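These notes are about the structure you will find just below.
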Number of protein chains: 2
Amino acid sequence: MHPTNRLETAPPARPLRADAARNREALLAAASAEFAAHGADASVADIARRAGIGKGTVFRHFPTKEHLLGAIVLDRLVTISELGEDLLGAGDAGRALLEFLTAACERVQQLDLSFLLAASPAVLAEPAVSAAQERMFGVVGALVARAQEQGAVRADVTGPDVILLMCAPSHAASPLQDSDPGLWRRYLGVLFDGLRPEGAHPLPHPPPAAPVP
Amino acid sequence: MHPTNRLETAPPARPLRADAARNREALLAAASAEFAAHGADASVADIARRAGIGKGTVFRHFPTKEHLLGAIVLDRLVTISELGEDLLGAGDAGRALLEFLTAACERVQQLDLSFLLAASPAVLAEPAVSAAQERMFGVVGALVARAQEQGAVRADVTGPDVILLMCAPSHAASPLQDSDPGLWRRYLGVLFDGLRPEGAHPLPHPPPAAPVP
DNA sequence: ACCTGAACACCGTTCAAGT
DNA sequence: ACCTGAACACCGTTCAAGT
């Protein structure tokens, strides 16, 4: 194993050498573009070529291709968490939750965020990833609780429920993503109606304790 | 290209030689077991070994690993369609649709059926696959229409909507599939409440013309 | 007609050799 | 310290050689 492998968001023990810092930046930019273009199975060789570095250098910065993808998804997690924290101050908590879920689905369209929930334990164990994860879980839990206090969301769903359901609209619409890029909005509408208190029927199974095992 | 490649459900132009028929049966059984155990990325080598045949023989029966997976998912499609057709005679059409979606999610748990909606055009173009697909689309459309006539489902959703949303509960629950195998039932409950007419809000986007491009 | 396994092109990952 | 590209183990797929 390489001694200097660590995730890009972990605070560097000692600053990187100039060329290494430059390479990492180029690597992240190239990976973001390649993943956006070809999905999660963009090849490491293509990413390295686009970044203008050797394949070996990729694995010096990230232990695994999956970790590299994780580092990029992490960015979106932080962005969404920040938005959610802003929305915690909104007057209409139901509207705030819907706005938050809309923003989250927009990010998912760009780069599948849902993989994080199903990601390998190794990636989830990364301190930076699990910190960003917990931050987001906290935000969602608070948004849901406020919406419930105002009677905008049914009382029998939990924060973990909403986290697991968050990506469902994008996933349902994904087969038609190219021909109808806004379809997920329709299914977010259906989901949100299912989260409302009006017409809610008792759910046949208890909620999970946490959204990740 | 091989001259004799065709999907297992297509009626054979002339009957297979005895050893070929035996091999195909062993291949399908082995593939079903390996896919169930290791998911869609079970290796062709492992499947061939389990079936007791050479790797080359796999590609004599199916042009692609994806087509092999397609042949197995096709089985479940047919099973579900048959169940749906039985349920068309039920008195309570809303209950019938819920029962159908429940059965479909149970099958998805066993082997991801949703991949079919996102499958490669080559697999979808297979006559046997597209026939099974259209059969199922017809069944779902009829179940939805009957439920709407009885006022059990909101009027502004369509058959294609329900087809796209069908796998959402299983997908949402998949990160916890091992620790909480029945969780999808909870999210099917949320989804179905979203499909009900009570408390339905107007949807922000028009429905798709067809569930596959 | 059908089966087989060596061979091919590709993949993520490793590591000895360089600066 | 860091970078590099040849090398490795694996993958799906092909095909010449067999029966």
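Excluded from the calculations below are hydrogen atoms, water molecules and symmetry mates; all remaining heavy atoms, backbone and side chain alike, are included. The structure displayed is predicted, hence computed values, not measured ones.
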Problem - Counterpart residues, salt bridge (Lys or Arg N to Asp or Glu O under 4.0 Å), relative to B:Arg196 (two or more places apart) - result: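 Checked B:Arg196 against salt bridge (Lys or Arg N to Asp or Glu O under 4.0 Å); matches are B:Asp193.
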Handout entry: Those residues that, when tested against A:Asp161, pass salt bridge (Lys or Arg N to Asp or Glu O under 4.0 Å) (two or more places apart)
Key =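 With sequence neighbours excluded, A:Asp161 shows a salt bridge (Lys or Arg N to Asp or Glu O under 4.0 Å) to B:Arg186, given in chain and number order.
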Can you check the [X] [atom1] to [N] [atom2] distance for me, whole Å?
| X | N | atom1 | atom2 | value |
| --- | --- | --- | --- | --- |
| A:Arg22 | D:dA1 | CZ | P | 18 Å |
| A:His67 | C:dT14 | NE2 | P | 12 Å |
| B:Asp19 | D:dG18 | CG | C1' | 14 Å |
| B:Arg60 | D:dA16 | CZ | C1' | 13 Å |
| B:Phe62 | D:dT14 | CZ | P | 15 Å |
| A:Leu68 | C:dT13 | CG | C1' | 14 Å |

Practice task
State whether a side-chain donor-acceptor pair under 3.5 Å links A:Asp46 with A:His38.
Solution key: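 Side-chain D/A pair, A:Asp46 to A:His38: absent.
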Practice task
Spell out, as yes or no, whether a donor-acceptor pair under 3.5 Å connects the side chain of A:Gln148 to the backbone of A:Thr158.
Solution key: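 No; zero donor-acceptor contacts below 3.5 Å.
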Exercise for the section: Please answer whether the main-chain N or O of B:Ser43 pairs with a side-chain N or O of B:Lys65 as donor and acceptor at a distance below 3.5 Å. Expected result: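 Checking the backbone N and O of B:Ser43 against the side chain of B:Lys65, no donor-acceptor pair under 3.5 Å is found.
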Problem - Pairwise side-chain contact, B:Phe137 with B:Val162, heavy-atom cut-off 4.5 Å (strictly under) - result: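 Result no, sub-4.5 Å side-chain heavy-atom pair not found.
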Practice task
Find which nucleotide of DNA chain D each of A:Gly52 and A:Arg17 is nearest to by heavy atoms, and output the residue with the more 5' nucleotide.
Solution key: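 First, find each residue's nearest nucleotide; the 5'-ward one identifies A:Arg17.
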Handout entry: Pair A:Asp19 + A:Arg22: basic N to acidic O under 4.0 Å
Key =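 Between A:Arg22 and A:Asp19 there is no salt bridge, as every charged N stays at least 4.0 Å from the carboxylate O atoms.
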Handout entry: Sequence neighbours excluded - side chain to side chain donor-acceptor pair (under 3.5 Å) pairs with any residue from residues 78-87 of chain A
Key =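 Counting only pairs at least two positions apart or across chains, the side chain to side chain donor-acceptor pair (under 3.5 Å) contacts touching residues 78-87 of chain A are A:Glu85-A:Arg135.
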Exercise for the section: Between protein and nucleotides 5-12 of chain D, map the contacts as a letter string: B base, S sugar-phosphate only, - none, heavy atoms under 4.0 Å, written 5' to 3'. Expected result: B-B---SS
Practice task
Sequence neighbours left out, what passes side-chain hydrogen bond (donor to acceptor under 3.5 Å, both in side chains) with B:Arg185? Give chain and number order.
Solution key: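 B:Glu106.
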Problem - Side-chain N,O (A:His61) to OP1/OP2 (D:dC3) below 4.0 Å - result: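 For D:dC3, OP1/OP2 do have a side-chain N/O of A:His61 under 4.0 Å.
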Practice task
Would you tell me if any nitrogen or oxygen in the side chain of A:Asn23 comes within less than 4.0 Å of OP1 or OP2 on D:dC3?
Solution key: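 The answer is yes; a side-chain N or O of A:Asn23 sits under 4.0 Å from OP1 or OP2.
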Practice task
Treat a base pair as Watson-Crick or G-U wobble with both distances under 3.5 Å, then lay out DNA chain C in dot-bracket form, 5' to 3', with | for cross-strand pairs.
Solution key: ||.|||||...|||||.||
